[in-house]
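Working notes, structure below.
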Amino acid sequence: MVDALVAALASVPGADRAAVERLLDTAGGSGWDLAIPVHRFAAAAKRPPRELAAELAAGLPATPGVARRFAVGAYVNFEADPTWLADRTLALVTARGATYGAAHPTGRTVCVEHTSANPNSPFHIGRVRNALIGDTLARILRAAGHTVTTQYYVDDIGRQSAMVTWIWSKPRSSWPPEIAATLDGADETEERADHWLGRPYPAVAAYVKSHPEAAADLGALCERLERGDAPPEHRRYCDAILGGMLDSLRRVSVTFDEFVWESALIHDGSVEAAVERLRHAPHFVREENGALAIDTASYDLPKEDERAVFLRGNGTSLYPTRDVAYHLQKFGRFERVVDVLGQDHLLHAKTLGALLAEIGEPRRPEFVLYQYITLPGGGRMSTRKGTVVWLDTLLDEAIDRARTEVRTRHPELPEGEAEQIAVAVASGAVRYHIVRVAADKAVAFQWEEALSFEGRSGPFVQYAYARATSLLRKAEEDGGAREADGSGGRLSTPSERELVRVLARFPSVLAAAARTTHVHAIAGYAHDLAETFNRFYQSTPVLKAEAERASRLALVAACRQVLGNTLDLLGLERLERM
RNA sequence: GGGCCCGUAGUAUAGCUUGGACAUCACAGAGGCCUCCGGAGCCUCGAACCCGGGUUCGAAUCCCGGCGGGCCCGCCA
């Protein structure tokens with residue numbers, strides 16, 4: 001349809017195909033499905049816009065699928081033939097099923113690195129924004145046809161994880177009182193490892209700041225870790241804490257394909273090789289104390305001293321250096337490399353780019369930056385400062401509320417199923433709540449909003465899915481499954497047509513989300529579809545319809561399919577009932 | 001001081017990349033809906049583009065300058 005229109009319009013003076021395509025607005029409004037403003041062409045042709053619009057509308061040849069074309073003001077509007085659009089859309093949804101909206105395989109390999117939180121304490125809701133954006137993006141890129149591998153970069157030799165080992169490898173009786181106090185009232189047997197082992201972390205961070213001898217002790221441990229001389233319990237602590245953190249993420253359906261341990265990059269010589277290449281870089285400089293650096297004056301970095309140190313005076317490496325090694329490894333395996341990073345890593349991202357340039361590496365990772373989730377009253381969530389809301393705490397509360405809801409709605413459900421639904425609803429609410437906002441907006445955490453199951457929420461979408469499922473189940477019980485003939489021939493009411501339009505929009509929404517890495521666009525679309533479905537559901541009988549029954553069942557089936565596809569993309573569980 | 005990001009109804013948010021017709025949606029507020037298939041729903045109402053310039057036939061969208069907020073400028077990560 002679009003092609004035909006473009007061809008017809010291209011005869012207008014001054015209008016080439018590209019201009020026409022760009023101006024065609026598929027958003028639609030009431031009464032039209034496609035529209036084009038003619039101001040631009042009118043100016044070129046030195047004609048009044050309204051006159052030109054009227055002339056175009058009258059003169060355009062008939063096009064398949066277009067029921068009506070008419071001018072309003074300086075716009076030419078096109079109305080799709082509802083039957084044509086419905087048939088085409090429903091047929092496509094039925095044929096593609098779970099892959100409706102997805103692109104065909106591109107063969108491109110993409111690495112999405114996300115989360116990569118230091119294994120030192122549990123996830124708070126600020127940290128999970130990274131995980132949820134990253135996980136959702138990976139799902140979207142897969143749907144866009146790419147072969148995606150997700151990676152979690154585990155920093156097991158940095159200062160942050162060293163602190164854990166530093167304190168826990170000492171007998172507890174020797175702990176400074178202010179650190180020991182962090183265990184008061186807690187019970188090792190009742191807490192998951194990340195919560196229990198992470199307890200002293202904020203106090204330790206504060207302690208080493210004000211006690212030079214402790215800082216030196218910690219520094220010595222860091223050096224040992226980098227040399228590969230880690231105390232045996234170190235890896236045990238890292239594994240235990242990371243394991244707990246991953247349990248947490250699994251509660252919101254986030255998993256990883258691969259883990260890259262920082263220590264491995266050191267031990268296999270990757271970091272040393274990177275150092276060697278940096279040592280021969282064009283802007284290599286040696287500092288007074290023997291530290292090695294790159295003079296970054298010629299790069300666009302907002303750094304005061306204009307140099308990036310990549311090897312300390314004592315010969316140990318720094319995060320940017322190890323990240324260079326890591327990225328070289330990624331470039332070797334993947335065609336596209338995407339990093340999900342908090343906004344505070346922007347400078348690091350630029351530094352990394354400069355270092356890669358220095359060693360003659362032409363490729364760069366793509367960065368997806370996100371702003372932070374702050375505390376309800378404002379202020380940053382900080383594990384070190386102890387100002388946090390744990391993901392687990394939020395989920396537990398959400399499950400409690402969901403459980404109450406399920407019990408009042410469905411007292412007849414067996415305990416196990418009710419609990420399973422509550423967990424899925426809670427997880428869906430939390431995931432959706434965090435991913436629905438554009439990544440570049442800072443978010444102030446609000447308990448009530450995060451725990452909402454209505455309106456623009458995950459459960460709202462899940463509910464529409466469950467409703468559609470229930471409807472189809474009932475139809476089947478009536479022995480009417482065969483009635484759904486996949487034809488949209490009898491769909492003509494406003495809510496039916498609107499629903500078809502929304503369904504038809506999905507492929508372009510998905511493609512745009514993949515292109516722009518705007519994961520929130522999927523959340524927005526999922527809500528639009530659920531809302532439109534609910535409107536249809538409310539206003540239009542399906543099972544009791546006569547002639548329209550088959551067509552409407554086909555429409556409901558298509559909605560269920562596409563709602564399900566969006567739930568998959570967002571990482572929310574499809575619930576058959578809730 | 002320098003750099004990056006954000007600023008849309010009471011609150012929250014979409015649209016901004018690619019400028020077009022009455023700016024999306026939710027929560028809160030007011031009023032309604034057992035007509036059927038699930039009321040985690042539906043309908044109605046009121047309410048917004050930070051300020052000032054510029055470009056343009058046309059600016060929430062592009063440019064410049066303010067103002068307000070966040071973040072960064074470590075031999076931490």
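Computed from a prediction, not measured in an experiment: that's the story for all the values here. In what follows, chains are A, B, ... by sequence order, proteins preceding strands, each numbered from 1.
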Indicate yes or no for a side-chain donor-acceptor contact from [X] to the backbone of [Y] under 3.5 Å, with no hydrogens or angles considered.
X	Y	result
A:Asp339	A:Leu341	no
A:Ser508	A:Arg505	yes
A:Arg552	A:Ala545	no
A:Tyr525	A:Val502	yes

Review point. Quick one: on RNA chain B, does A:Lys544 or A:Val72 contact a more 5' nucleotide (nearest heavy atom)?
Key: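 Result: A:Val72.
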Rounded to whole Å, how long is the line connecting atom [atom1] of [X] with atom [atom2] of [N]?
X	N	atom1	atom2	answer
A:Lys46	B:C57	NZ	C1'	14 Å
A:Glu449	B:U13	CD	P	8 Å
A:Phe536	B:G41	CZ	C1'	15 Å
A:Arg577	B:G38	CZ	C1'	11 Å
A:Phe41	B:C57	CZ	P	16 Å
A:His39	B:A59	NE2	P	11 Å
A:Leu555	B:C37	CG	C1'	14 Å
A:Leu499	B:C42	CG	P	13 Å

**Study point:** Contact state string [nucleotides 70-77 of chain B, B base, S sugar-phosphate only, - no protein heavy atom under 4.0 Å]
**Key:** BSSS-BSB
Short side-chain N/O contact to [N] OP1/OP2 from [X], under 4.0 Å:
X	N	result
A:Tyr537	B:C42	no
A:Arg436	B:C25	no
A:Lys474	B:C36	no

Ignoring hydrogens and angles, state whether a donor on the side chain of [X] or [Y] is under 3.5 Å from an acceptor on the partner side chain.
X	Y	result
A:Asp156	A:Ser161	no
A:Thr136	A:Arg431	yes
A:Thr469	A:Arg560	yes

Quantified in whole Å, what is the [atom1] atom distance between nucleotide [N] and nucleotide [M]?
N	M	atom1	answer
B:C67	B:A26	C1'	29 Å
B:C25	B:G46	P	14 Å
B:A48	B:C22	C1'	15 Å
B:G15	B:A9	C1'	16 Å
B:U18	B:U13	P	25 Å
B:A23	B:C16	C1'	12 Å
B:A59	B:C49	P	15 Å
B:C50	B:U61	P	8 Å

Exercise for review: From the options A:Glu113, A:Glu262, A:His114, select the one residue that forms a side-chain hydrogen bond (donor to acceptor under 3.5 Å, both in side chains) with A:Tyr153.
Suggested key: A:Glu262
Given [options], identify the nucleotide with an atom nearest to the side chain of [X].
X	options	answer
A:His527	B:G58, B:A12, B:A26	B:A26
A:Asp440	B:G38, B:C25, B:C6	B:C6
A:Arg456	B:C42, B:A12, B:C27	B:A12
A:Glu531	B:C36, B:U13, B:C42	B:C42

Categorize [X] for me: base, sugar-phosphate, or nothing, with a 4.0 angstrom heavy-atom threshold over every strand shown.
X	value
A:Val406	base
A:Val425	base
A:Val542	base
A:Glu412	nothing
A:Thr540	base
A:Ala466	base

Hey, what are the protein-to-nucleotides 7-9 of chain B N/O distances that come in under 3.5 Å?
unit_1, atom_1, unit_2, atom_2, d
B:G7, OP1, A:Lys441, NZ, 2.6

[X] vs [Y] aromatic rings, parallel, tilted or perpendicular, using cut-offs 30° and 60°?
X	Y	answer
A:Tyr372	A:Tyr370	perpendicular
A:His348	A:His345	perpendicular
A:Phe445	A:Trp447	perpendicular

**Study point:** Criterion side-chain hydrogen bond (donor to acceptor under 3.5 Å, both in side chains) on A:Thr540 and A:Ser495, from CA distance to verdict
**Key:** CA-CA 8 Å; A:Thr540 318; A:Ser495 69; 3.2 Å; yes
**Study point:** Lys/Arg cation over aromatic A:Phe284: A:Arg286, 6.0 Å, 45° cone
**Key:** no
Exercise for review: Tell me, with the steps shown, if A:Tyr299 and A:Glu358 meet side-chain hydrogen bond (donor to acceptor under 3.5 Å, both in side chains).
Suggested key: CA-CA 10 Å; A:Tyr299 294 94; A:Glu358 280 290 301; 2.7 Å; yes
Does [N] have a Watson-Crick or wobble partner in any strand here, with both distances under 3.5 angstrom, and which is it?
N	result
B:G1	B:C73
B:A23	none
B:C67	B:G7
B:U44	B:A30

Exercise for review: Kindly state which residues belonging to residues 512-524 of chain A come within less than 4.0 angstrom of RNA chain B, counting heavy atoms of the residue only, listed by number.
Suggested key: A:Arg515, A:His520
Review point. Hey, is A:Glu287 close enough to A:Arg307 for a salt bridge, meaning N to O under 4.0 Å?
Key: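 Counted as a salt bridge, because a side-chain N and a carboxylate O are separated by less than 4.0 Å.
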